[in-house]
Amino acid sequence: MFEVEPDESKRPQARPAPVGKRFRAFDPHQVLLLPPSLDDWLPEGHLARFVADLVDEVLDLSPVLADYTEKRGYPPYDPRLMVRLLIYGYTTGVRSSRAIERRCVDDVAFRFLAADQAPDFRSIARFRRRHLDALADLFLQSLHLAQKLGMVKMGRVALDGTKLEANASKHKAMSYGRLIDKEERVEAEIAALEATAAALLADAESTDANEDRLYGVDGKDVDLPAELDRREKRLARLQAARAQIEAEAADKARRHAKDKERRRQQRAGESDEQAVADAGEKAAAKARPKPKAQANFTDPDSRIMKNSDGAYIQAYNAQAVVDEQHQVITAADVTTNPSDALNYTTMLDQSTANTGTHPKQALVDAGYCSETNLEAARERQLACGTDTFMATGRLGHDEQVPPAPRGRIPKDATLKERMARKLRTKPGRKAYSRRKAIVEPVFGQIMTCQNGRQLLLRGEDGARGEWRLLTACHNFRKIFRHTGAAGLAAALA
């Protein structure tokens with residue numbers, strides 16, 4: 001064997017001796033000599049500071065304060081505190097009352113806005129429900145503030161709708177045909193239970209023996225009335241759902257008949273409102289719901305609708321008009337009709353009423369295209385100068401709009417053909433290409449940044465109020481981005 005010198009590099013190296021390094025002071029049990037300042041918790045230019053200034057200095061909360069008319073009782077939380085939390089929560093996607101309660105403990109921004117108080121979730125939920133109308137009116141205040149800052153030009157607006165999931169499962173809905181069958185079965189069960197109860201009461205001498213036979217030796221005589229009461233309540237819900245579907249069918253038939261009669265009178269050069277009303281009532285009396293028409297027991301106002309992904313959900317149809325300049329929403333509403341076609345005139349009228357100005361151009365997609373809306377678009381252009389670009393059909397993926405044919409428009413061309421030709425011109429294609437860039441990002445921001453895909457409140461009024469609060473917070477976020485580091489006060493000065 002050969003002798004090998006040991007490898008010095010493989011010998012274990014000794015750890016360097018520690019030095020007297022100085023670290024920053026850290027004492028978890030240090031008692032604060034002075035109370036902490038909430039103003040030191042957040043950096044300058046934070047969204048929470050903007051919300052605090054907005055609520056304290058700009059917004060008019062008199063409709064909320066006017067609701068407090070009783071001096072007795074335990075003092076409630078300051079409305080400014082609650083409005084601060086709701087606006088910041090709906091702006092950042094924290095909308096649940098329980099989530100807001102947790103954030104008032106865990107999140108610095110929420111603690112700053114609540115002045116280190118922590119309202120419980122019941123107080124937050126009650127405040128939102130009690131003052132929902134006043135909170136929904138914050139949308140108008142947000143729009144007027146954006147106008148004051150020069151963020152709304154009304155040169156070009158885009159109208160579109162999106163489906164918002166209702167706070168109800170589609171599996172809690174029942175079709176009209178199934179309702180009739182279920183109602184008959186429950187009525188038969190109630191009749192059988194009532195007959196059993198009547199027989200028990202009629203035969204007083206054998207009541208105990210009958211009860212022992214029906215309920216057992218240890219059974220109670222309250223079992224049958226409770227079962228009867230449960231079925232009667234179930235029957236009442238079924239009957240209410242059936243009446244709702246029948247009323248909706250009658251209302252739909254009434255509106256269709258009235259519209260048909262008005263068009264007939266226009267063609268004949270007549271005007272008889274009584275005939276229009278009579279035609280509507282006659283059609284309503286004959287209307288019968290379709291067997292597949294449905295009603296939901298959790299949220300009767302919501303409807304099963306098809307969303308953009310092609311899935312059927314229990315939803316509301318949310319509408320919005322968006323200004324091109326800064327993507328500020330100028331009109332917002334919620335309907336229970338899956339179709340967008342009924343909202344063209346009402347939404348543009350609402351936008352004009354909110355801003356006091358008619359837009360120069362209105363861009364709408366094919367969902368609004370109908371003979372009635374095309375006629376309304378022509379009348380709107382003649383009356384107030386709003387030039388509408390309305391798609392007459394949907395394009396496939398990556399499909400380009402073909403150029404307009406040369407030559408004059410045929411005299412016998414329909415309104416739809418004229419609109420289709422208008423969109424194929426260079427100005428038409430240039431204008432309509434801006435539609436997606438104006439309105440689609442707004443819906444995307446509300447769905448993602450504000451967690452607004454699903455509504456928390458039930459009923460059409462609740463859905464409308466919550467959607468308007470979401471759109472108000474969207475506008476506030478745009479104002480926050482617009483004012484920048486200078487702050488709201490400097491921008492308004």
Side-chain angles (χ1 to χ4, degrees), residues 157-164 166 248-264 266 276 280 283-284 287 290 292-294 301-310 312-313 315-322 329-353 359 361-384 386-395 414-423 428 431-432 435-436 438-440 442-443 460 463-464 467:
V157 300
L159 166 62
D160 204 355
T162 185
K163 305 301 188 293
L164 300 179
E248 290 173 356
D251 183 62
K252 183 178 180 180
R254 182 184 296 108
R255 286 188 281 105
H256 180 72
K258 284 184 175 181
D259 187 54
K260 184 178 179 180
E261 176 63 19
R262 286 196 181 97
R263 291 200 302 269
R264 186 198 66 79
Q266 288 177 357
V276 172
K290 296 180 179 179
K292 292 187 177 181
Q294 294 187 339
D301 291 344
S302 63
R303 298 290 180 271
I304 291 182
M305 303 181 186
K306 189 176 182 181
N307 63 10
S308 57
D309 296 329
Y312 288 92
I313 59 174
Y316 287 93
N317 188 358
Q319 299 285 311
V321 178
V322 182
I329 300 175
T330 62
D333 203 358
V334 161
T335 69
T336 59
N337 195 308
S339 174
D340 291 332
L342 300 177
N343 303 299
Y344 168 76
T345 299
T346 56
M347 290 304 297
L348 290 182
D349 287 346
Q350 184 190 138
S351 177
T352 299
Q361 288 184 356
L363 313 178
V364 294
D365 67 6
Y368 296 87
C369 185
S370 68
E371 193 69 23
T372 302
N373 288 343
L374 290 169
E375 181 66 33
R378 184 175 65 175
E379 294 175 357
R380 183 174 292 273
Q381 184 172 12
L382 294 175
C384 55
T386 300
D387 192 9
T388 299
F389 294 86
M390 183 183 299
T392 58
R394 300 190 182 277
L395 296 176
T414 63
L415 290 175
K416 187 174 182 179
E417 291 171 344
R418 291 176 181 273
M419 180 60 72
R421 187 183 179 107
K422 176 181 176 180
L423 289 177
Y432 191 77
R435 189 196 68 82
K436 284 187 177 182
I438 297 172
V439 67
E440 297 295 344
V442 171
F443 287 151
E460 186 176 357
R464 179 176 293 107
W467 173 241

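Not measured: the values here are computed from a predicted model.
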Legend entry - Backbone of Pro359 reached by a side-chain donor or acceptor of Thr386 within 3.5 Å: yes
Legend entry - Spacing of OH belonging to Tyr368 relative to CG belonging to Leu159, to within rounding of 0.5 Å: 3.5 Å
Inset, instruction - Applying side chain to side chain contact (heavy atoms under 4.5 Å, CB included), run through Gln361 and Val157 and close with a yes or a no. - result: CA-CA 6 Å; Gln361 288 184 356; Val157 300; over 6 Å; no
Legend entry - Thr414 vs Glu371 side-chain heavy atoms within contact, under 4.5 Å: no
Legend entry - side chain to side chain contact (heavy atoms under 4.5 Å, CB included) between Tyr432 and Asp365, worked out: CA-CA 9 Å; Tyr432 191 77; Asp365 67 6; 3.6 Å; yes
Legend entry - Pairing of Glu261 and Arg264 as salt bridge, 4.0 angstrom limit: yes
Inset, instruction - Mind checking the CG-CE spacing from Leu415 to Met419? Nearest 0.5 Å is all I need. - result: 8.0 Å
Legend entry - Minimum-distance pair of heavy atoms, taken over all atoms of Tyr316 and Ser302: OH-N, 3.4 Å
Inset, instruction - First locate atom NZ of Lys163, then atom OH of Tyr312, and finally report the distance between them rounded to the nearest 0.5 Å. - result: 11.0 Å
Inset, instruction - Salt-bridge test for Lys422 and Asp387: reply yes if a basic N is under 4.0 Å from a carboxylate O, no otherwise. - result: yes
Legend entry - Smallest separation among heavy atoms of Cys369 and Lys416, with atom names: SG-CE, 4.5 Å
Legend entry - Pairwise side-chain contact, Leu342 with Thr335, heavy-atom cut-off 4.5 Å (strictly under): no
Inset, instruction - Identify the two heavy atoms, one from Ala391 and one from Leu423, that lie closest to each other, and give their separation to 0.1 Å. - result: CA-CD1, 3.5 Å
Legend entry - Stepwise side chain to side chain contact (heavy atoms under 4.5 Å, CB included) test for Asn337 and Asn317: CA-CA 7 Å; Asn337 195 308; Asn317 188 358; 5.8 Å; no
Legend entry - Lys/Arg-Asp/Glu bridge criterion (N-O < 4.0 Å) met for Arg421, Glu417: no
Inset, instruction - Please report the C-alpha distance between Thr388 and Gln381 in whole Å, then the side-chain angles of each, then the deciding distance to 0.1 Å, and finally whether the side chain to side chain contact (heavy atoms under 4.5 Å, CB included) criterion is met. - result: CA-CA 7 Å; Thr388 299; Gln381 184 172 12; over 6 Å; no
Inset, instruction - Answer whether the closest heavy-atom distance between the side chains of Met390 and Tyr344 falls below 4.5 Å. - result: yes
Inset, instruction - Could you tell me the separation between the CZ atom of Arg435 and the CG atom of Leu363, rounded to the nearest 0.5 Å? - result: 8.0 Å
Legend entry - Heavy-atom pair of closest approach, residues Ala315 and Met305: O-CE, 3.5 Å
Inset, instruction - Ignoring hydrogens and angles, tell me if any N or O in the side chain of Asn373 forms a donor-acceptor pair with the backbone of Ala341 under 3.5 Å. - result: yes
Inset, instruction - Give the minimum heavy-atom separation between Gly428 and Phe389, together with the two atoms involved. - result: CA-CE2, 3.6 Å
Legend entry - Exercise: identify the closest heavy-atom pair between Leu164 and Ala318: CD1-CB, 3.6 Å
Inset, instruction - Answer yes or no: is there a side-chain heavy-atom contact under 4.5 Å between Glu440 and Asp160? - result: yes
Legend entry - Arg380 side chain reached by Asp349 side chain, heavy atoms, under 4.5 Å: yes
Inset, instruction - Look at the side chain of Thr352 and the backbone N and O of Leu348, then say whether any donor-acceptor pair between them is shorter than 3.5 Å. - result: yes
Inset, instruction - Could you tell me whether a side-chain N or O of Arg464 sits under 3.5 Å from a main-chain N or O of Val334, the two making a donor and an acceptor? - result: yes
Legend entry - Expected output: side-chain Asp333 to main-chain Gln319 donor-acceptor under 3.5 Å: no
